[in-house]
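Worksheet: the structure to be examined is printed underneath.
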Amino acid sequence: MSRFWRPGSERPQPSSLSVLEDDEPGFLPFSTLASNSSYGYGGLERHRQRLPVFKYRTAILYLLETHATTIIVGETGSGKTTQIPQYLKEAGWADGGRVVVCTQPRRLAVQTVASRVAEEMDVKLGEEVGYTIRFEDLTKSAVTRIKFLTDGVLLREMMDDPLLSKYSVVMVDEAHERSLSTDMLLGLLKKIQRRRPELRLIISSATIEAKSIAAFFNQSKKKLPASRDFGPSREPAILSVEGRGYDVQIHFLEEPVSNYLQAAVSTVLDIHNQEPMGDVLVFLTGQDDIDAAVQMLTDEAQNLAAHRSGLLVLPLYAGLSRAEQELVFSPTPRGKRKVVIATNIAETSLTLEGMVYVVDSGFSKQRFYNPITDIESLVVAPISKASARQRAGRAGRVRPGKCFRLYTEEYFESEMPLEGIPEMQRSNLVSCVIQLKALGIDNILGFDWLASPSPEGMIRALEVLYSLGILDEDSKLTSPTGFQVAEMPLDPMLSRMIISGSQFGCSEEMIIIAAFLSLQSIWVIGRGTQKELDEAKQGFAVAEGDHITYLNVYKGFLLSGKSSQWCHKNLINYQAMKKVLEIREQLHKLVQRLGLVLKSCGQDTQVVRKAITSGFFAHACRLESSSHGGMYKTIRTSQEVYIHPSSVLFRVTPKWVVYHSLVSTDCQYMRNVIAVDSSWFTELAPHFFQI
DNA sequence: GAGCACTGC
């Protein structure tokens with residue numbers, strides 16, 4: 001532990017953090033949903049009044065009355081998410097058929113918070129208090145007064161009701177996360193505000209982001225129609241609410257380390273040897289790192305076990321099965337110290353109870369998008385101060401904790417960025433652009449963004465949408481194709497593929513394929529050897545490619561009677577297959593509603609591949625050399641790419657292929673590939689393949 | 001012959 005500098009009283013302590021209680025969207029995903037009825041008679045009301053936010057009830061209601069926008073800066077644990085919607089209802093904001101609505105970035109949070117609020121109000125979930133997420137609408141339009149939903153669902157709702165006229169107050173929670181949909185939502189809400197002066201916005205954010213959000217919503221200097229002397233102030237109010245939690249002591253490294261993996265492992269061992277009992281949460285970047293660290297610590301733990309209490313080392317990342325993830329939430333056995341080694345999933349999506357020590361590597365994997373090459377890649381990159389703070393806070397939930405940062409204080413102070421780059425500035429923007437177009441926003445470049453995306457990114461998105469026939473020369477949605485694509489909850493290239501499918505008589509096949517491609521992977525990870533998995537996959541494989549292979553999997557699954565045993569036997573993830581059925585079902589209804597022809601082409605795989613090509617012609621590649629492990633070049637940019645070894649076409653190397661996506665590692669790998677005929681390119685997209 | 005941070009519609 002000597003390598004860490006302990007901030008003393010003579011130097012300013014960087015942070016002392018407070019963290020969340022069980023009232024926030026706390027995300028103990030597998031247990032809390034059904035089991036939080038531990039309050040006696042009258043206990044719930046007392047519990048509500050003890051929350052830090054309760055002191056601010058009057059202030060919040062006053063600010064809401066007098067300001068169009070109120071920004072609540074809240075440490076987690078303040079109770080803002082569950083309480084503010086109730087205060088609003090109690091104060092009459094949900095009277096007269098109006099509805100108070102609150103958004104969350106994640107589905108699980110929506111469900112957890114809604115059921116908690118329903119319990120506190122002693123009403124049945126789905127009546128006065130309801131929620132909406134994809135595939136699940138637990139609201140009753142005439143009855144529901146408080147409604148929770150994901151911000152993505154609210155964006156979709158705007159397509160039918162652009163001014164969100166049902167809602168009196170929109171509360172955007174966790175706005176500091178700056179997800180793509182939150183940023184879009186905030187931009188659109190600002191627009192709506194100008195048309196609906198009576199609408200109130202509450203935006204909840206962590207400290208750092210609050211200022212830029214406040215500046216964004218400040219409309220006091222703008223000229224507004226004759227409302228100068230009445231109505232709410234156009235200048236946002238900011239209110240800080242303290243959280244509830246324990247102090248976390250921060251330790252930095254005295255010298256930088258080159259190998260954060262090794263440093264993390266030895267820090268855990270130091271903690272184990274020198275610190276009192278208490279569980280440890282380690283933040284690393286990804287599956288590889290985590291598996292390696294788990295292995296190293298497990299080996300060490302075996303050496304230690306002979307003479308002292310042991311370590312229980314567990315990995316946590318999204319790719320693990322539900323059962324494996326659940327292990328992390330089980331109570332630590334007596335006399336053991338639990339060490340959870342996690343990705344960013346433990347920073348935002350899941351909250352682990354009982355952590356006393358946090359080890360922060362200072363890195364995470366982040367997605368970046370290059371609009372010039374049109375390639376997305378995952379890169380290990382330094383985290384922001386905001387993230388570091390969030391990670392540290394995970395140590396103070398049940399008692400005072402400690403956070404060991406595997407970087408120096410100098411680095412933290414002078415080099416670590418204050419906040420992360422908003423997703424808007426590191427993503428492919430096609431979906432974003434088409435949604436704005438569908439909402440009638442024609443001047444996308446002039447849209448009032450919270451963080452402007454790069455002009456290159458915008459131009460690339462417009463080009464792609466134009467080449468797909470979704471936008472016309474005036475950059476307006478085409479009819480009917482553009483409007484149909486906008487209604488589909490998919491990547492526009494997949495939507496385009498489905499529409500072609502309906503023209504070619506294979507829409508049934510297209511929606512199945514689209515459902516498969518919406519998931520990460522349908523194959524079980526971790527069970528059995530790679531060889532077994534390859535053999536299982538080979539049972540469905542066809543020379544036409546991965547998409548057609550998925551159709552075979554789907555047929556097999558249906559023939560088995562949607563059996564989980566069948567999935568198990570074939571090393572297929574049963575949960576993923578259920579998801580495929582759900583998405584297919586949703587798309588099926590949608591395609592019918594849009595008036596597209598629903599038809600199956602039977603065994604004709606050529607027409608299926610043609611329909612796919614009509615959506616993905618921009619991903620066409622030609623085999624350059626079969627000797628160098630099958631090197632391909634993209635037609636559009638002459639990028640060197642290879643078929644991913646997980647593809648059924650890995651050994652086949654057809655002359656012409658179309659891929660669904662690229663993964664960038666040492667080289668560019670094409671994932672989900674079909675073999676095509678080059679004559680289809682000029683037939684299906686002549687404008688794109690002029691030469 | 002090798003890989004997948006995390007959400008969401």
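Just so we're clear, the structure is a prediction, and the values are computed from it rather than from any experiment. Naming: A, B, ... by sequence-line order, numbering from 1 per chain.
Counting to the nearest Å, the P atom of B:dG3 and the CD1 atom of A:Ile643 are 16 Å from each other. Between the CZ atom of A:Phe368 and the P atom of B:dC4 there is a distance of 15 Å, given to the nearest Å. In this structure, the CG atom of A:Leu108 is 12 Å from the C1' atom of B:dT7, given to the nearest Å. Taking atom CD on A:Gln668 and atom C1' on B:dG3, their separation rounds to 14 Å, with Å as the unit.
When the side-chain contact (heavy atoms from CB on, under 4.5 Å) test is applied to A:Thr182, the partners found at least two apart in sequence or on another chain are A:Asp151, A:Val172, A:Ala175, A:Ser179, A:Leu186. Under the ring pair (Phe, Tyr, Trp, His ring centres under 6.0 Å) criterion, A:Phe447 pairs with A:Trp449, sequence neighbours left out. Under the side-chain contact (heavy atoms from CB on, under 4.5 Å) criterion, A:Ser646 pairs with A:Lys537, A:His644, sequence neighbours left out. Legend: residues meeting side-chain contact (heavy atoms from CB on, under 4.5 Å) with A:Thr478, ordered by chain and number and at least two apart, are A:Asp472, A:Thr481.
Between the A:Asn344 side chain and the A:Glu347 main chain, no donor and acceptor come within less than 3.5 Å of each other. In terms of modelled atom types and a separation under 3.5 Å, the side chain of A:Ser384 and the main chain of A:Ser387 share a donor-acceptor contact.
Nearest nucleotide to the side chain of A:Ser349, out of B:dC9, B:dC4, B:dC6: B:dC6. Comparing atom distances between the A:Arg156 side chain and each of B:dT7, B:dA2, B:dC9 picks out B:dC9 as nearest. Of the candidate nucleotides B:dA2, B:dC4, B:dA5, B:dA2 has the atom nearest to the side chain of A:Pro645. Each of B:dC6, B:dA2, B:dG8 was ranked by its minimum atom distance to the side chain of A:Arg106; first place goes to B:dG8. Picking from B:dA5, B:dG1, B:dG8 the nucleotide with the shortest atom distance to the side chain of A:Gln287 gives B:dA5.
Residues from residues 482-491 of chain A placing a heavy atom under 4.0 Å of any atom in DNA chain B, listed by number, are A:Pro489, A:Leu490.
A:Thr150 comes within contact range of the sugar-phosphate backbone alone, with a heavy-atom separation under 4.0 Å but no base atom that close. Counting any heavy atom pair closer than 4.0 Å across all strands shown, A:Arg107 reaches sugar-phosphate atoms only and no base atom. A:Leu378 comes within 4.0 angstrom of a nucleotide base, judged by non-hydrogen atoms across all strands. Residue A:Thr343 is classed as a sugar-phosphate contact, given heavy-atom separations below 4.0 Å to backbone atoms only. Residue contacts for A:Ile133: at a heavy-atom cut-off of 4.0 Å it reaches the sugar-phosphate backbone alone, with no base atom in range.
Summary of the strand contacts: A:Gln520 and A:Lys537 both lie near DNA chain B, and taking for each the nucleotide with the nearest heavy atom, the more 5' one is attributed to A:Lys537.
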Can you give each donor-acceptor pair under 3.5 Å made by side-chain atoms of residues 427-441 of chain A, sequence neighbours left out, with the distance rounded to 0.1 Å?
{"residue": "A:Ser427", "atom": "OG", "partner": "A:Glu423", "partner atom": "O", "Å": "2.7"}
{"residue": "A:Asn428", "atom": "OD1", "partner": "A:Val430", "partner atom": "N", "Å": "3.0"}
{"residue": "A:Lys437", "atom": "NZ", "partner": "A:Asp442", "partner atom": "O", "Å": "2.9"}
{"residue": "A:Lys437", "atom": "NZ", "partner": "A:Ser475", "partner atom": "O", "Å": "2.7"}
{"residue": "A:Lys437", "atom": "NZ", "partner": "A:Ser475", "partner atom": "OG", "Å": "3.2"}

